[in-house]
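See structure below.
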Amino acid sequence: MTKKVRTRVAPSPTGDPHVGTAYMALFCLAFARQQGGEFILRIEDTDAARSTKESEDSIFQSLEWLGLEWDEGPDKGGPFGPYRQSERVAEGLYRGYVDQLVSQGDAFLCFCSAERLNEMRNELMAKGLSAQYDGYCLGLSKAEISTKIENGESHVIRMKVPREGSCVFPDKLRGDIEIEWSQIDMQILLKSDGNPTYHLAVVVDDHLMEISHIIRGEEWINSAPKHILLHQYFGWDMPELIHMPLLRNPDKSKLSKRKNPTSINFYKRMGFLPEALVNYLGMLGWSMPNGEEKFSLDEMIASFDINRISLGAPVFDIEKLKWLNGRWLREELSDEQFADRLNEWAYNRENLLKIIPLIKERVDLFTEIAPMATFLVEGMPSISEEDMTLKKVPEDIVKKVLQYAIWETEALNNWNRDNLNALFTRLAEKLDLKIRDVLAPVFIAISGQPVSPPLFDSMAILGSDMCRARLRHALNVTGGISKKQLKKLEKSYRSEMR
RNA sequence: GUCCCCAUCGUCUAGAGGCCUAGGACACCUGGUUUUCAUCCAGGCAACAGGGGUUCGACUCCCCUUGGGGAUGCCA
């Protein structure tokens with residue numbers, strides 16, 4: 001008897017909904033459906049400091065928008081709930097498993113400070129060894145441990161890892177992978193705040209949720225031995241492993257928002273159809289047996305074959321995505337449907353009501369609206385090097401402001417008017433510039449014009465990824481920044497903005 | 001540094017030892033249709049990273065080198 005196929009995607013709700021999440025969700029879903037199985041959405045929010053409800057909501061919305069429907073999840077429930085790890089923590093679900101490992105002697109308490117660990121890691125690296133825990137607290141006696149606990153010393157729990165031999169495990173796409181145990185760190189399972197780490201939670205939850213196939217990014221290959229070991233300690237069967245290639249930036253590095261728009265919201269805002277985006281993700285690392293490039297989710301599911309996945313990590317190419325979107329637009333939508341989609345996208349009452357407060361007092365006629373507000377519905381404003389040349393602000397300051405703004409906005413958690421206001425006010429202060437001089441290039445970058453409706457409100461409407469993309473675009477238009485300059489800027493950024 | 005993964009046109013890919021003189025698509029270039037533009041159509045440019053094996057025969061299998069990427073967190 002073969003087990004029922006159950007796959008899951010397990011995003012952590014930190015930041016914007018990532019196309020990589022959609023990519024994994026797509027393959028999990030395609031595989032599960034094709035096999036007549038189930039696809040589960042689980043929220044991995046064990047990092048209490050970084051997880052937010054907004055981010056979680058936007059993950060739900062984005063995946064829904066893309067039509068990647070899950071069978072069980074935090075919002076839908078299901079027989080293996082709850083599907084949010086913070087709720088599972090609240091139930092005390094993981095604690096019992098950690099205690100079991102400690103009492104079995106497969107895990108131990110560790111009282112080491114972050115400073116000591118850092119020093120140790122650096123030393124090991126300098127010696128050319130792989131950086132990992134040195135086992136210091138393994139030698140603690142029972143008496144020492146209880147004294148430390150009585151003294152209220154904070155501690156974590158680490159898993160024990162064999163020091164000899166190696167772990168050989170099968171990957172459905174790559175064959176056997178062998179990693180020596182000496183390369184595997186004594187991973188922390190329970191943090192000092194009582195939360196499980198990813199490694200513990202993922203193992204426990206995948207088991208409890210009866211996940212049959214773990215489809216995840218290549219970045220996890222190195223931690224597979226930890227997960228396998230934990231399964232052994234618990235006496236559980238290991239699900240099958242399928243490590244997908246990682247999506248890349250045009251420079252081949254792992255797709256990151258620093259270099260590329262990675263938020264699903266950006267692509268939505270940019271006017272891509274969800275069908276086209278899903279289709280495009282489907283053709284990264286996978287192809288239809290008949291070679292057809294345009295296919296729907298249902299068609300992909302119908303002919304999905306995991307062995308057709310190619311392992312070379314694909315570059316996310318917006319140009320090709322654009323072409324594909326054009327085909328969907330032209331070939332699949334009637335004029336009526338086109339109108340409905342356009343309406344749904346931005347030309348609707350709800351969206352208008354966001355924009356109107358910004359423009360109402362600035363116009364006398366309806367005819368003046370379009371020129372003033374196009375930037376709120378366009379992609380990259382068409383700006384030239386000339387547009388970016390300002391009378392009052394020298395070029396190097398323009399570049400500096402744009403680059404700093406990009407870095408600062410990257411780190412901004414809640415994208416709203418007030419926070420943006422605070423961010424740029426602070427930026428002007430730190431750079432010892434007038435706020436209007438700081439904002440001048442930003443106005444042009446965002447709106448394409450030196451004057452526009454209120455900047456921060458507009459930026460709030462446009463969203464973080466679109467704004468960052470426009471800032472980057474403007475910086476490129478000014479001629480961009482050389483690697484050398486960038487390094488210099490990064491240095492001064494760190495000292496000036498502290 | 002150490003470990004792991006990967007390697008076909010600039011990019012996405014087809015290719016499961018002879019079908020490969022390596023196919024398709026995006027981008028780019030040329031021409032045609034079109035009042036313009038776009039679409040559409042026709043054509044062009046362009047790749048098996050290098051070196052060793054294995055084999056009658058390697059893009060396909062093995063090894064080495066090189067290149068790229070990832071991991072090395074009380075992040076996931």
Side-chain angles (χ1 to χ4, degrees), chain A residues 10-15 18 20-21 42-51 85 110-114 117-118 121-133 154-158 166-167 169 171 173-175 177-185 187-202 216-226 243-255 280-294 307-327 329-331:
Chain A
S12 71
T14 54
H18 201 277
T21 303
R42 184 173 69 221
I43 294 293
E44 309 238 335
D45 55 353
T46 51
D47 185 346
R50 294 201 307 147
S51 300
Q85 286 182 332
C110 169
F111 298 87
C112 295
S113 68
L117 293 173
N118 250 332
R121 268 193 279 265
N122 290 338
E123 262 175 50
L124 284 170
M125 284 240 236
K127 274 190 213 156
L129 298 166
S130 70
Q132 47 178 289
Y133 187 62
S154 90
H155 64 276
V156 299
I157 294 176
R158 290 176 183 274
S166 58
C167 178
F169 60 95
D171 177 284
L173 302 174
R174 296 158 205 265
I177 295 173
E178 176 170 3
I179 299 176
E180 290 189 14
W181 285 119
S182 63
Q183 293 300 322
I184 309 298
D185 198 7
Q187 180 64 48
I188 292 177
L189 300 177
L190 202 73
K191 309 179 204 176
S192 55
D193 66 1
N195 268 337
T197 57
Y198 167 83
H199 299 281
L200 199 236
V202 78
R216 61 179 11 166
E218 193 180 4
E219 54 197 323
W220 294 110
I221 290 179
N222 287 293
S223 37
K226 293 172 189 171
H243 289 103
M244 294 286 298
L246 248 30
L247 263 24
R248 306 286 184 90
N249 296 312
D251 71 358
K252 306 272 192 183
S253 57
K254 171 165 134 178
L255 192 66
Y280 181 65
L281 289 174
M283 61 189 265
L284 294 180
W286 190 79
S287 58
M288 278 292 218
N290 65 4
E292 181 53 59
E293 293 196 291
K294 179 162 150 259
N307 293 120
R308 290 192 64 81
I309 291 174
S310 59
L311 262 16
V315 171
F316 191 95
D317 178 12
I318 295 189
E319 281 305 310
K320 189 147 187 179
L321 170 58
K322 247 172 91 175
W323 161 80
L324 194 60
N325 199 66
R327 281 192 65 185
L329 234 38
R330 286 189 293 276
E331 297 170 17

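Since this is a predicted model, take the numbers as computed values, not measurements. Letters A, B, ... are given to chains in the order of the sequence lines, protein chains preceding strands, and every chain is numbered from 1.
Comparing the C1' positions of B:rG10 and B:rG57 gives a spacing of 33 Å, expressed to the nearest Å. Taking atom P on both B:rC64 and B:rU72, the two are 26 Å apart, rounded to the nearest angstrom. Taking atom P on both B:rC3 and B:rA58, the two are 33 Å apart, rounded to the nearest angstrom. Here the separation of B:rC6 from B:rA47, taken at their P atoms, is 26 Å to the nearest Å. The P atoms of B:rA14 and B:rG23 are separated by 15 Å, rounded to the nearest whole Å. B:rC62 and B:rC40: their P atoms are spaced 42 Å apart (whole Å). B:rC59 and B:rG52: their P atoms are spaced 13 Å apart (whole Å). If you take atom C1' in B:rU21 and the same atom in B:rG32, they sit 29 Å apart, rounded to whole Å.
Among residues two or more places apart in sequence or in another chain, the side chain to side chain contact (heavy atoms under 4.5 Å, CB included) test is passed with A:Asn290 by A:Met288, A:Glu292. Listed by chain and number, the residues in a side chain to side chain contact (heavy atoms under 4.5 Å, CB included) with A:Trp323 are A:Glu293, A:Lys320, A:Arg327 (sequence neighbours excluded). The ring-ring contact (aromatic ring centres under 6.0 Å, His included) test applied to A:His199 returns A:His227, not counting sequence neighbours. For A:Asp193, the side chain to side chain contact (heavy atoms under 4.5 Å, CB included) partners two or more places apart in sequence, or in a different chain, are A:Lys191, A:Asn195. Residues that satisfy the ring-ring contact (aromatic ring centres under 6.0 Å, His included) test with A:Trp286, not counting sequence neighbours, are A:Phe295, A:Phe304. For A:Ser287, the side chain to side chain contact (heavy atoms under 4.5 Å, CB included) partners at least two apart in sequence or on another chain are A:Arg308. Looking at residues two or more places apart in sequence or on another chain, you find no side-chain hydrogen bond (donor to acceptor under 3.5 Å, both in side chains) involving A:Asn122.
A straight line from CE of A:Met244 to C1' of B:rC6 spans 14 Å, rounded to a whole angstrom. Rounded to whole angstrom, the span from the CG atom of A:Leu281 across to the P atom of B:rU13 amounts to 12 Å. Put simply, CZ on A:Arg216 is 14 Å from C1' on B:rC5, counting in whole angstrom units. For the pair A:Leu324 CG and B:rU13 P, the interatomic distance rounds to 14 Å; values are reported in whole Å. Distance A:Lys294 NZ to B:rC12 C1': 18 Å, rounded to the nearest Å. Rounded to a whole Å, the CG atom of A:Asn249 is 14 Å from the C1' atom of B:rU11.
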Just by protein heavy atoms under 4.0 Å, how would nucleotides 66-76 of chain B read 5' to 3' in B, S and -?
--SSBSSSBBB
Just by protein heavy atoms under 4.0 Å, how would nucleotides 22-31 of chain B read 5' to 3' in B, S and -?
--BBS-----
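Comparing B:rA14, B:rC4, B:rC12 by their closest approach to the side chain of A:Ile221 singles out B:rC4.
Side-chain atoms of A:Arg174 and A:Glu218, non-hydrogen and from C-beta on, do get closer than 4.5 Å to each other. Looking only at side-chain heavy atoms (C-beta outward), A:Tyr198 and A:Ser223 stay at 4.5 Å or farther from each other. In this structure, the side chains of A:His243 and A:Leu173 stay at 4.5 Å or more apart for every pair of heavy atoms. In this structure, the side chains of A:Tyr280 and A:Ile318 stay at 4.5 Å or more apart for every pair of heavy atoms.
Both distances falling under 3.5 Å, in either a Watson-Crick or a G-U wobble arrangement, place B:rC28 opposite B:rG44. Base-pair partner of B:rU21: not found among the strands shown (Watson-Crick or G-U wobble, both distances under 3.5 Å). Pair assignment for B:rC9 gives none, since no Watson-Crick or G-U wobble pairing has each distance under 3.5 Å. B:rU60 is unpaired under the criterion used here, namely a Watson-Crick or G-U wobble arrangement in which both key atom distances are under 3.5 Å.
Nearest-nucleotide positions on RNA chain B for A:Ile309 and A:Gln183 put A:Gln183 closer to the 5' end.
As judged by a 4.0 angstrom heavy-atom cut-off over every strand, A:Glu178 is placed among residues touching the sugar-phosphate backbone only. Within 4.0 Å (heavy atoms only), A:Arg308 reaches sugar-phosphate atoms of the nucleic acid but no base atom. Contact annotation for A:Gly326: no contact, since no heavy-atom pair falls under 4.0 Å across all strands.
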